Amino acid sequence: MKALSQSCVTLPPHGVREIMVRSAGIPDAIHLEVGEPNVDTPPHIRQAAVEAIHGGYTRYTHNLGLLSLREAIVRFLNRRYGVDLEVGQIVVTSGAVTALALSLIVLVEPGEEVLIPDPSWPDYEQKVLIQGAIPRRYELKPEYEFLPVISELERLVTRKTKAILINSPGNPTGAVFDEGKIKEILAFASGHDLYVISDEVYDLIVFEGKHLCPMSYDDEGRVVSIFGVSKNYAMTGWRIGYAVTPLRIAKVMEKAIEPLISCASAISQKAAEAAYSGPQDFVEEMCKIYKDRRDRVFDIFTNAKVKAFKPKGTFYMLVDLSEAGLPPGEIALRLLEEEGVAVAPGNTFGPSCQRMIRISLATEDADLIEGAHRVCRFIERHRLH
Ligand code: PLP
């Protein structure tokens, strides 16, 4: 039989999913690997979905999404970020994951290059590869607060580079871009005529200061911003995300979304509308909880002389296990086997993170604290003395 699509067959595996599957068979495992809030979606959002079901929201919607949802998003973003968006710039999708895929489909041809962060969420590399484009990784180093360094980007850019993907607040680093960094990246993109795909799905989860939107500094129309409700409103299963783009790009997305998903679920769109139009105290409360957990867990690692990196946003923390002296591919598996703790293996985020793990702060307090102690015990046992 003829071969399957090589770009799919050769796709690198998703390390977080692998650990989730393995740990599912271990009854008392502590789960620090998953990238989703450990609480249920707020009641007023769930109620909006129930009303949508009974109110006839059971059909296809416009390709770009329900007008009422897009209006709610525009009101929210304009108010929060001082931008001046119009409704035609919002493209609603099934999760931010589809907004990212759609952006790459619309902006990048097969064979062209896309700059992606190292470390970064594994889906970026998979997405670029699946459409026959070439990912080029730029390193985010702890000594530069995990922020992109322009000289490194300059070294990587070629005539074939079409876009740069940025992510702030960043998964798995927790880094948050400041104004200076955003301006530097936009100047770099402008200098090489690149599109900027800016993944901002953790925009409301920032512990110090406030998230800044690259699109509000973009006067050339080269930024496509990606947002979603999964992380901010504990809505991972509802599958709603969206792209915010210059109108000329949105018009092409409107065509390209039809053969991809046609539209996002109407019921979930009504739920997302309630998230954006309703009270925001849930997000503020969760942010406080994540920050408190971050500080407590960071202290546990510091006291045990384990190197961890304090995130400025998101609900993740990177922990350096290089002192354990184990082969990079084995660290997360051994932690699961020996201590019953499931963590995201660093190597799935890129080569720079081979000897790290990522833990999720979106975990019940008791489990998180116990999990952190077990990670320390594991390192102590394997430490190269
Ligand atoms: N972007 C980043 C950086 C993520 O970590 C994730 C999910 O883990 C997503 C996008 C996808 O979000 P969604 O659930 O909206 O598809």
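Every value quoted in this text rests on a predicted model; they were computed, and no experiment measured them. Excluded from the calculations below are hydrogen atoms, water molecules and symmetry mates; all remaining heavy atoms, backbone and side chain alike, are included. Just follow the structure's listing: the first ligand is 1, and inside any ligand the first atom is 1.
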Determine, stepwise, if the pair Ser352 / Glu139 fulfils side chain to side chain donor-acceptor pair (under 3.5 Å). CA-CA 7 Å; Ser352 71; Glu139 204 176 327; 4.7 Å; no
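Checked by atom type and distance alone, the side chain of Glu258 never pairs as donor or acceptor with a backbone atom of Lys255 at under 3.5 Å. Not a single donor-acceptor pair under 3.5 Å links the side chain of Glu112 to the backbone N or O of Thr161. Looking only at distances, no side-chain donor or acceptor of Ser198 sits under 3.5 Å from a matching main-chain atom of Val224.
The shortest N or O to N or O distance between Ser230 and ligand 1 is under 3.5 Å. The shortest N or O to N or O distance between Tyr124 and ligand 1 is not under 3.5 Å.
With a 4.0 Å cut-off on non-hydrogen atoms, Ala96 touches ligand 1 through its backbone as well as its side chain. With a 4.0 Å cut-off on non-hydrogen atoms, Val229 does not touch ligand 1 at all. Both the backbone and the side chain of Val97 come within contact range of ligand 1, each with a heavy atom under 4.0 Å.
Under the 4.0 angstrom criterion for non-hydrogen atoms, Lys231 is in contact with ligand 1. Heavy atoms of Gly228 come nearer than 4.0 angstrom to ligand 1 in no pair at all.
Proximity to Gly95 (heavy-atom distance under 4.0 Å) selects the following atoms of ligand 1: 15 (O), 16 (O). With ligand atoms numbered from 1 in the order given, ligand 1 contributes 13 (P), 14 (O), 16 (O) to contacts under 4.0 Å with heavy atoms of Arg239. Residue Asn167 has at least one heavy-atom neighbour below 4.0 Å for each of these atoms of ligand 1: 3 (C).
Classified by interplanar angle (parallel below 30°, tilted 30° to 60°, perpendicular above 60°), the ring pair His211/Tyr81 is perpendicular. Ring planes of Phe188 and His192: tilted class, angle from 30 to 60°.
Shortest contact from atom 9 (C) of ligand 1 to any protein heavy atom: Trp121 CH2, 3.3 Å.
Inter-residue side-chain proximity for Arg46 and Trp238 is flagged as met; some heavy-atom pair is nearer than 4.5 Å.
Of all the listed residues (Asp199, Asn171, Leu100), Asp199 holds the heavy atom that lies closest to atom 2 (C) of ligand 1.
Taking 4.0 Å as the cut-off between side-chain N and carboxylate O, Glu184 and Lys181 count as a salt-bridged pair.
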